[in-house]
Structure formats: structure tokens, C-alpha cells
Amino acid sequence: GSTLFPSTPLSRSISAVGDEAQCIYAWRRATVERIVMLDTVYPGLERTVLSTSYRCPTRITDAARPLIENNVRRFNKPIRSNPAATDHGSIEFIESLNAHEGAAEVAALLAKSTEPSDIVVLARTSLLLRDVVEACVSAGVSVNAPKKAMRPTDAEATVLGYLRLLASPSGARNDDVRRALRVPNRYLPDDEETTVVAVLRTGATFASAMEAVKLPAGLQFGEAPQAEWGHLMDSLASSTDASRIIQKLRTGGGLDKHYGSVEQMSPNDQTEVEALDGLQAAAAGKTPAELVASIELRATVLTSSAVGEGVELSTIHGSKGREWETVILYGADDNQMPHFRSLTEARNVEELDNAVEDERRLMYVAITRTKRDLIVVTTGKPSPFLREAGISPDAGNLPTFADVQRNKNSQEPRTEAPSVRTRPAPKAPSRKPDQGRSIPAKFASVCKACNRPVGIGTPIVNTNDTWVHQKC
């Protein structure tokens, strides 16, 4: 609804405890206003300020205070450390040239640790933690990391499926066909991947394989996207440039658009589009088969290194409410904190300012998890938040709205029509999806009209070749 609080008057009393500086779960509808505006909704409330941190030592509090004071949506309250504390804590700042070097620095620090339970490595996303996992595997350091850091992202698994099909169509696998035709969704009927596999294994083209798919009544609208998929795959099948293939899949194949929508649904761990960037960079100079081998090897190393004990690795979101003697904040770079994907959705200056404040609270949570020592490791340009906290005075400034728009426009994928191979391809069906008729959604997605989730079975209709909620 439009209200933040219950409208029913309270008969007796209400008591609430909260710290607006640690409100980091916006995608769960958590808002700073719920705590900041509580006494405006219930004017008789008395506010008691808890200004002393009994966890963080002086050095940490002295960094956290000027950082969070840059936020407008907060109480103007003092933040102090325990005056009786004798250990003032420490902050170490390590600048690395790149992710490989930075992760190696972290692994070396962990190798010296005598009490794994007293230390944690935090990062903005699980994708960043993967760098540390790989470095720790090489250094022989046991780690306990989130599952998402120990296995390929969904985007990586999807690209891997596409590449395996392109590298060896005659060796097509059901799971690769299923994934490639459902990300983005091209309405492949259940079990029809076996038909596609059988045709491809005869040496036929992808377009021919799609012609063999049997569409039940009511799913004829899938003919056009399936035919387009077949033509796209045929146009890429003879290419030996894995980087070019991934670029085509991201643009003409719709992967950027699909995973951009996915990230809007889960802003706490925006890894998918970033994973596509990483794959494209790793693909330089490789054939599809070579890139497949590289991805599979990395996945094997990551999954085999999973252990239930060792130094804990966590995203910042996963660390809230917890504490350690030593916190290593890895990847505190200008494109991670604030995370560039969190800023690109801003439609105006106000929305950008709010997004920056959300990200600043994440930094605040990260550095206040420690009871003693903080070690900040960057792998590129330091985050502007580090300058605000006095940790890296030479860090740059926060991006303006013009900066964000300029960067967003420079990264907008160009929609490219797939080039046609020399061998003839069947004509794409001219039939259009039924306009205006409601059908149940077969797969979860995002409504393009209201940007709300579309669950399986939800009534949807086709409007201008776009599927939206029936009510939209």
C-alpha cells in the first residue's frame, strides 16, 4: 500500500528499536522512512538516542561517523565509541593494481591468521568473493563462502550452454538446448528439447531443428522467437571468435536485456550482467571450445574447494547483525561502492541521491562489523566512500546524474541483426502472436509495463509483441 505504518490507532503503547544507518534491505521493501518518520506518525512517542558503540573501537567509529553524516535521510545524532575502551583499533588500506593481485593479498593475510573464526572477508557481491576463493585455493587456505561464490552464476551457465551448442552442434545436450531456448524465453514446449537435440545430431542446421519443434495449440506465438533463435545460432555457428559470439548473444540474443531485468528484482547481489562482462573479457583470443574448457575448469575448481569450515567469506548484506575481530573489505572500488548497476536505474537527481545513500549505508555496515581491526583492499580506483571516511583521501568524487547517464548510454547494447550464413535458412513464420488473448505464463519473468514480477501461471497478454500482465 501507500502507507508506511498501520493506520489503526494504538490502544496502549509501541516500542521500536532501529538504526537507519543500517537499513540495507531495500529490495525487501525496507525503507529508512519507517524508522525516521515513526514519531511523525505517532506524535506522542519519545525518542531515546543510543549514541555509543560498544563494539567498534575509536578508530573505526571515527571513520564511520563522517561517512554516514553525508546521508540526508537520517537522524542528526552523535556516534561515539566506548569511552572506557583501551584498544582503539586499526585501519589498514591496501591498494592493488587488479583483482588478481588484490585477491592474492587477501589470501596471504588469511594464511597468517591463527584463528579463522575471528576474521571475515566482506565484498559487495558474491562475484567479487569468487576472486578470493580462487586465490585461497591456490594458497591452500580453507574458506567457507556463500554458494553463489562457489559456482557459476546463472548468466555464466547460460552462456556455457550456448557455447557448447555452437562448438559442437552434433554433440548437443538436452540441458543446454533447454537453457539456451529459455534464457531469454522462446517458449519451447516441455520435453521438446529432445526433438531439437535429435535433429542437431544429424548435422542439420539450428533453423531446421527449430522447424521440427511441435507447438501445441495456444503456443503458436512461439514460432517467431524460435525461428529467430535458429537463425541467430546458425549465424554464429561458423565463428571462431568467442568474444564476438558473446557480444551477439548479449545484444541480438537478448541476454543483457534479460539479466538486466533479473537484477532489478534482486539489487542486493547484482552479479549477472557483471558476469557477462567478465566472460566477454575472458573470451578475447579464444574459440568457443577453448572458452568452454576454461569456464568448466574454473567451475570444477570452485565447486571442489567448497568446505564447511575455514575463514568465512560473506557479502556485506549477509554480514548485517554480526561481528568479527578483524574485517577485510575486499574490492572497495569506485564501481563497486557505490555499485554502478545500482545507480543506472535512477531517473532523476533525487533517485540518484537516494541510491547513493543506500550504497553508503552498505559501506557503513561493512566497516562497523569489526570489533578491532579493519583492512580495506581495493583492486582499482578507490571508492569515493573511502574518502568520506578518511581512509583514502585521494579517492575520487561520487558520480553526478550526468555522469551516470553518460556511462549508461555508453554501455547500452546495440541491437544487431544476426548475419546470415551462406547456407540457406528457412523463412521465419510470418504469423504474429495472438494480440489481446490471455494465456498463463509458462515461466517466471518481469512485466515490461509495470516492472513487477510475472509468476508461473499468471495471466498475461501480448501487446505490441511484448508480454505483460493481463491487468496492465
Side-chain angles (χ1 to χ4, degrees), residues 152-186 188 193 195-213 224-260 272-299 410-428:
T153 67
D154 191 79
E156 289 170 329
T158 297
V159 171
L160 184 59
Y162 273 101
L163 292 176
R164 276 197 292 247
L165 288 173
L166 292 168
S168 178
S170 60
R173 303 179 346 184
N174 286 353
D175 55 341
D176 289 338
V177 169
R178 187 184 308 114
R179 180 174 281 274
L181 277 161
R182 290 184 177 174
V183 182
N185 187 10
R186 293 179 174 88
L188 182 72
E193 62 269 16
T195 300
V196 178
V197 167
V199 175
L200 289 176
R201 287 183 175 179
T202 67
T205 65
F206 286 97
S208 298
M210 297 318 301
E211 284 188 319
V213 171
Q226 288 171 20
E228 291 169 3
W229 182 88
H231 295 323
L232 172 68
M233 295 295 282
D234 281 334
S235 75
L236 299 175
S238 61
S239 176
T240 59
D241 185 344
S243 180
R244 172 184 174 272
I245 289 173
I246 293 176
Q247 177 63 21
K248 290 276 189 177
L249 293 175
R250 297 181 68 173
T251 54
L255 293 188
D256 273 355
K257 183 177 181 180
H258 171 82
Y259 284 112
E272 302 297 351
V273 174
E274 201 169 343
L276 292 175
D277 293 337
L279 280 176
Q280 192 161 352
K286 291 186 176 69
T287 65
E290 290 170 343
L291 185 57
V292 165
S294 175
I295 297 173
E296 290 179 335
L297 176 61
R298 187 182 198 190
S410 69
Q411 295 183 1
E412 285 286 340
R414 292 180 295 108
T415 303
E416 304 176 55
S419 57
V420 181
R421 294 183 64 189
T422 54
R423 72 175 96 182
K427 293 182 179 179

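Just so you know, these numbers come straight off a predicted model, no measurement behind them.
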Q: Please lay out, stage by stage, how Glu156 and Thr153 fare under the test side chain to side chain contact (heavy atoms under 4.5 Å, CB included).
A: CA-CA 5 Å; Glu156 289 170 329; Thr153 67; 3.3 Å; yes

Q.
Minimum heavy-atom separation for Pro184 and Gly254, please, with both atom names.
A. CG-O, 3.6 Å

Q) Got a second to check how far Leu166's CG is from Thr287's OG1, nearest 0.5 Å? A) 11.5 Å

Q: Look only at the side chain of Glu193 and the backbone of Val177, and say whether a donor-acceptor pair between them is shorter than 3.5 Å.
A: no

Q) Nearest heavy-atom pair of Val273 and Gly260: which atoms, and what distance? A) CG2-N, 3.9 Å

Q. Which residue pairs satisfy the salt bridge (charged side-chain N to carboxylate O under 4.0 Å, His left out) criterion with at least one member in residues 280-297, sequence neighbours excluded?
A. Arg164-Glu296

**Q.** Chi angles and distances behind the salt bridge (charged side-chain N to carboxylate O under 4.0 Å, His left out) call for Asp154, Arg179
**A.** CA-CA 10 Å; Asp154 191 79; Arg179 180 174 281 274; 3.1 Å; yes

Q) Does Ser294 use its side chain to pair, donor to acceptor, with the backbone of Leu291 at less than 3.5 Å? A) no

Q: Taking Thr251 for its side chain and Gln247 for its backbone only, find out whether a donor-acceptor pair lies under 3.5 Å.
A: yes

Q | Exercise: identify the closest heavy-atom pair between Leu232 and Gly253 | A | CD2-CA, 3.7 Å

(Q) By the definition side chain to side chain contact (heavy atoms under 4.5 Å, CB included), identify the one residue from Met210, Arg201, Gln226 that meets it with Val196. (A) Met210

Q | Arg173/Asp176 salt bridge by N-O under 4.0 Å criterion | A | yes

**Q.** Distance-minimising heavy-atom pair for Gly230 and Phe206
**A.** O-CB, 3.6 Å

Q | Side chains of Thr158 and Tyr259, donor plus acceptor under 3.5 Å | A | yes

Q. For the residue pair Thr205 and Leu200, what are the closest heavy atoms and their distance?
A. O-CD2, 3.9 Å

Q: For residues Thr195 and Ala212, report the shortest heavy-atom separation together with the two atoms involved.
A: CG2-O, 3.5 Å

Q) In terms of ring plane angle, is the pair Tyr162 and Trp229 parallel, tilted or perpendicular, where the classes change at 30° and 60°? A) tilted

Q.
Test side chain to side chain contact (heavy atoms under 4.5 Å, CB included) on Leu255 and Ile246; report intermediate values, then the result.
A. CA-CA 9 Å; Leu255 293 188; Ile246 293 176; over 6 Å; no

(Q) Closer than 4.0 angstrom, basic N to acidic O: yes or no for Arg250 and Asp277? (A) yes

Q. Measuring from Ser239:OG to Arg244:CZ, what's the distance to the nearest 0.5 Å?
A. 4.5 Å

(Q) Rounded at 0.5 Å granularity, tell me how far CD1 in Ile295 sits from CG in Leu163. (A) 5.5 Å

